[in-house]
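Below is one structure; the comments refer to it alone.
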Amino acid sequence: MARYNFKETEAKWQQVWAEKRCFNVEVDETKPKYYVLEMFPYPSGRIHMGHVRNYTLGDVVARYKKARGFNVLHPMGWDAFGLPAENAAIENKVHPAKWTYENIASMRTQLQGMGLSYDWEREIATCHPDYYRHEQRMFLDFHKAGLAYRKESWVNWDPVENTVLANEQVIDGRGWRSGALVEKKLLSQWFLKITDYAEELLQAIQTLERWPDRVRLMQHNWIGRSEGARVFFPIVGRDEKLEVFTTRHDTLFGASFCAISPNHPLAGALAANNAELTAFIAECNRIGTSEAAIETAEKKGFDTGLKAIHPLDPSWQVPIYVANFVLMEYGTGAIFGCPAHDQRDLDFARKYGLPVIPVVKPTDTDAVAIGDTAFPGEGVLFNSRFLDGLPVESAKTRMAEELRRLDAGQPTISYRLRDWGVSRQRYWGCPIPFIHCQDCGIVPVPEQDLPVELPEDVTFDAPGNPLDRHPTWKHVSCPECGKPATRETDTFDTFFESSWYFARFADARGAEAFDRNKADYWLSVDQYIGGIEHAVLHLLYSRFFMRALKKCGYTDVEEPFAGLLTQGMVCHETYKDENGKWLFPSQVAKDADGRSVSVEDGRPVTVGRSEKMSKSRKNVVDPVHIIDSYGADTARLFMLSDSPPERDLDWTDSGIDGAWRYLNRLHRLIGEPSFALPAPDAPRPDTLGDKAAAAEKALHKTIAGISEDLDKFHFNKAVARIREFSNLLETLDGKTDGEGWALRRGLETLVQLIGPMTPHLAEELWALLGHETLLAETAWPVADPALLVDDSVTVAIQVNGKLRGTIELPRDCAKEDAEQAALALPAVIQQLDGKAPRKVIVVPNRIVNVVG
RNA sequence: GCCCGCUUGGCGGAAUCGGUAGACGCAGCAGACUUAAAAUCUGUUUUCCGUAUGGAAGUGCCGGUUCGAGUCCGGCAGCGGGCACCA
C-alpha cells in the first residue's frame, strides 16, 4: 500500500463534514449542551503556532464531547478591531477595513485546512457594523444605568506625532516612531464603573471552580481588596486637611512624613506659584503611564515645605512631600510614611534624612534597631502610647476607634481595581455613540440612529485620529436642540468587543445582540481555552460585562466562562549568525559534524535557547508550511503530544517527524494488517487465548484511561496511551485463538480514541475498517468495568524506605500475608541481618516497608 | 518594583491521595533488511562503581516533617507570564 496521502484524505473529509453539516448546531433541549470556545484571534493575516495549539486543544474537546453525546457549540470569529490595522494603513497605505477583511479571508482558509469542527455559519467579525451596533446600544444602556461616565485621565502623548501612544508604543520613554520623549497628558475620557462590582467580582471568584487556581489568584490580587483606614492630617496654615489611606494605621505613631501624588490637587495648587515644584511634577509625568514604569523608576520626592499635623498629637508635625511613587488612582492619592515598617518608606526616609521611629517589635525579641531593612511583620506595639503592648491586629482596631472618636479618620476598604477606561483616540475601533453639544453637553446618539458607522473615506497621512480631522463625519446636529454639534471621535478599547462575543455566538445572525432563550441555553461557556496572558484583563472585563448586561436586562448569566484552560506558549530555539543577526529556522541547517550552519553560506550559527516564537527573533515556523508538508493531523498530534497544554511547548523538527511517523505507522497497521482481520460484525469468540485476553483487558483500560485524560485535558498522556496500546496491538500475530477478533476490536477502538486528535486520518481508517457511518457522528466507546481490575498486583518491598524488591500478590490480600511475603524475601532477610524488624508498614496493593 | 507561575535523564515529559522515579516519545548507540540510500524493523540508553549477580547516588539549591518526599512545610536561586492604550 502506498504511503498515507494526507492531502487527498484531509481535503476529502473536510468536504464531507461540511456537506453533511456535521458541526452546525441548533438549540436542542433533549440533549445536554456543551459550549467550547477558544479565544478568537486578531486577524493578522497568517495563523501562527499559538493558534494551531489553541484551536487543536479546543477541537479535541469539541469532538470528544460530541462523541460523548453532548450538543456541542464550537464557533469561531475575528477580534477584528485594533492597532495593527492602523499601523498597516500607515506603513502600506492600505485601508484598515480592506486589510482586515483580506486577512480574515486568508486566515479562515488556513484554519479550515486544520479540520476544526467549527460551526462556520456563526462566524463573526467585530469590525462589522452588524456586530458593533449592538455594543453601541449596550453602551447607551450602561450610561442610562449609571455604569458609564466621563473623567479625566492620563495618556502617553507623543508631542511630535501629536498622537496618543499605547504602552507598547512607548520604548524607553520615547515614541516608537518619532523617538520623541513621551509626555503624560490629561484627556477627558469614557470609563465603565467596574469598581461598582469589585466586591462581587472578588467574591464570585470562589464559584469559578473549573478555573486554574493561579488565574483566580491573579484576579484576586488584581482587584486588591485591602482593609485600612482613611486618616485626616490637618495642614499647618491651611484650612484643608490631607486625607491619606493606609492599611497600617496601627503604626501611626511611627509616622515621619506624608507624601502626595504629583497629580494630587494639592500638588497642583502648590505648583501654581512654585517653579521648582512645577518642574518636579513635569519630571514625574515623563515616566510612562504604566505601573511597571512608575514602580521601577527611582523613588524621588520634593519637599513642599508644608507641614502636616499628626492626627493624634497637635504638637507633632511631619513634612509633606510630593513623591513620584504615590499613585493618584489608588486610595486617596496621599500616604503617610512609616519608615520603620515599610521598605519603600524606609528607602525614602534614608534618602531624605527623615526620622525612623520603630513602633512594632517581634514578640520573641527586644531588638528594634532598624538598619536598611524595614520590619513589616507581625508583632507587638511599643512607643505608641495607648497602643503599647497590643498585637498589630488589635492595635488597628483600637486606633480606628480612637480616630473615629477624634473625628480624624475611619476604617475603610480600598480596592486596587480601577475603573475601566474605554476611550481610544483611534480610527479602527467601534465609534462611541455620543454627541458633544455646546448647549446640551454630552448627548447620547438616539437609538434609531444606530449604528454610528465608521466613515470609509479616511487618510492616514497626517498624525492624530482620522475621525477627528474627517471633513464631515463628526459634524452633526444635536439630537436635543438641533444646533450644530460634534460626534465623539474616540472609539472603544478593543477589550469591549471581546467582552461579549461569546454571547453573540449563541445567536450570531440575530437582530438583537443575542436572543435571550438561545443565550440562556448555550451560556455559560463550558470550556474556554486561551493564553495565560489574558488571565486578568480580558477575563475580568468579560466577567464585569456580563454583570453590567444583566443589570441592563440583557441576560441572567453572570459568569461567562464556567471552565478555563490556559495554554502555554509555543517556543523555538533562536539562531544568530556571526554578525549577531537573527535567522529563521529555515535558514539554518546542520553540517556533517552536526554543527549548526547557515544554509546560505555555510558559516557557523549560534544556537540560542528556546523562547516564545516571535517575529522579532525570527524563531517562527509557519503552520501553513507544516500543514502543507505533513498535513493537519500531524501538526495537531504534535501539538498534543509530550507537553501538557498549560505548559510551554517546544517546537522541534524531530517532534513533528515523530508525529508524522506515527500516523503512517497507524495507517499501515490498519491498511496492511499482519494477518487477515475477521469481518466487522464477527462475534467475540467464546474463548480468547492469553494474548488476546490480555489485549482485551488493555483495550478497556485504554478506553477508561483516555476518557479520563481527555476529561482532565491531559492530552499528552492520552497520546502516550494511544501509542502504548498500538505497540501492544503490533505484537498480536494471529497464532492463537481470538487474536483476530482482539485485533479488529483494538484497531477500531484505537481509531475512535484518536479521532478527536487526528480526525482526518481517523475518519479514513474508520471507513477502511468497513464502516459506512462517519466517525465524527459515532458515539465514544465504553469501557467494561469488569475488565479494568487485575487479580494480582505488584507490591514494592522496602527496607527503611529503600526498594529491595517486588513481589506479586493477590489483589486485596490480607496485610499479614503481605508482611509474611515481604519478610521472606531474601534481600529483606539479608538487610535485617538477623534482627527483628521494629515495625512493618503495609499499604495494601502498593508497598510493604520493613523498618529495621 | 509588585503579582502569578515553572524547574524531573542528552531533550519533551510520566509518576491518581505522601508509597517501585524516568511511562510514552525525541535524539543517540548497536544490529537487521538493502548493491546503496531512504523508509521500516529489532535491541539498548538516568549517572557512577563493577566482567557480572549487584551496589551507590539521583527530581534547581539549602534545611525541615515522615516508616517513606518529585509530591508537604520554611528559605534561596534561575527562568518565564501579567502590570490597566498589544491582543
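Letters go in sequence order (proteins before strands), and every chain restarts at 1. Quick caveat, the model's predicted, so the values are computed rather than measured.
- Nucleic acid contact class of A/T652 (heavy atoms, under 4.0 Å, all strands): none.
- Within 3.5 Å, a donor on the side chain of A/Q189 pairs with an acceptor on the base of B/C85, or the reverse.
- Rounded to whole Å, atom C1' of B/G81 lies 14 Å from atom CG of A/L539.
- Figure legend: cation-pi geometry between A/K151 and A/F191, with NZ or CZ positioned under 6.0 Å from the six-membered ring centre and within 45° of its axis.
- Contact annotation: side chain of A/N849 to base of B/C67, donor-acceptor pair present below 3.5 Å.
- Taking 3.5 Å as the limit, the base of B/G13 and the side chain of A/D642 contain no donor-acceptor pair of atoms between them.
- Heavy atoms of A/V795 sit nowhere under 4.0 angstrom from any nucleic acid atom.
- Between B/G25 and A/R721, no contact under 4.0 Å exists linking OP1 or OP2 to a side-chain N or O.
- If you check B/G55, B/G19, B/G25 against the side chain of A/N727, the one that comes closest is B/G25.
- As rounded to whole Å, 11 Å separates atom C1' of B/A84 from atom CD1 of A/I294.
- Applying the 3.5 Å distance criterion, the base of B/C86 shares no donor-acceptor pair with the side chain of A/E533.
- Between A/F544 and the options A/W222, A/Y197, A/F495, a ring-ring contact (aromatic ring centres under 6.0 Å, His included) holds for only A/Y197.
- Note on A/V843: a base of the nucleic acid sits closer than 4.0 angstrom, heavy atoms only.
- Atom CD1 of A/I532 is separated from atom C1' of B/A87 by 15 Å (rounded to the nearest Å).
- For A/K717, a side-chain nitrogen or oxygen approaches OP1 or OP2 of B/A15 to under 4.0 Å.
- Separating the CG atom of A/L649 from the P atom of B/C26 is a distance of 15 Å, rounded to the nearest angstrom.
- By the 6.0 Å and 45° rule, A/R216 does not stack over the aromatic ring of A/W211.
- Ring-centre distance between A/F6 and A/Y630: not below the 6.0 Å cut-off.
- Rounded to an integer number of Å, the gap from A/N800 CG to B/U66 C1' is 13 Å.
- Counting non-hydrogen atoms under 4.0 angstrom, A/T296 reaches a base of the nucleic acid.
- Candidate nucleotides B/U16, B/A84, B/G1 were compared by shortest atom distance to the side chain of A/E708, and B/U16 ranks first.
- The side chain of A/R424 contributes an N or O atom lying less than 4.0 Å from OP1 or OP2 of B/C85.
- With distances taken from any side-chain atom of A/R214 to the nucleotides B/G5, B/G19, B/C67, the minimum falls on B/G5.
- Between A/K802 and the phosphate of B/C67, there is no side-chain N or O to OP1/OP2 separation shorter than 4.0 Å.
- No option in A/W651, A/F715, A/W660, A/Y662 other than A/W651 meets the ring-ring contact (aromatic ring centres under 6.0 Å, His included) test with A/F638.
- A syn orientation is assigned to B/G9, its glycosidic angle lying within 90° of 0.
- Residue A/N167 places none of its side-chain N or O atoms closer than 4.0 Å to OP1 or OP2 of B/C83.
- An OP1 or OP2 oxygen of B/C41 is reached within less than 4.0 angstrom by a side-chain nitrogen or oxygen of A/R665.
- Anti is the conformation of B/C41, whose glycosidic angle sits further than 90° from 0.
- At a threshold of 4.0 angstrom between heavy atoms, the contacts of A/D648 are confined to the sugar-phosphate backbone, with no base atom among them.
- When heavy atoms are screened at a 4.0 angstrom cut-off, A/V215 is found touching no nucleic acid atom at all.
- Just one residue in the list A/Y541, A/F545, A/F81, A/Y131 forms a ring-ring contact (aromatic ring centres under 6.0 Å, His included) with A/F496, and that residue is A/F545.
- In this model, the phosphate group of B/G5 is not approached by any side-chain N or O of A/R216 to a distance below 4.0 Å at OP1 or OP2.
- Distances shown here put a side-chain N or O of A/R661 below 4.0 Å from the OP1 or OP2 atom of B/C26.
- When the options A/L165, A/D468, A/V164 are evaluated for a side chain to side chain contact (heavy atoms under 4.5 Å, CB included) with A/Q425, the one that passes is A/V164.
- Considering only side-chain N and O atoms, A/T494 lies under 4.0 angstrom from the phosphate OP1 or OP2 of B/A87.
- Between the side chain of A/R647 and the base of B/C6 there is no donor-acceptor pair of N/O atoms closer than 3.5 Å.
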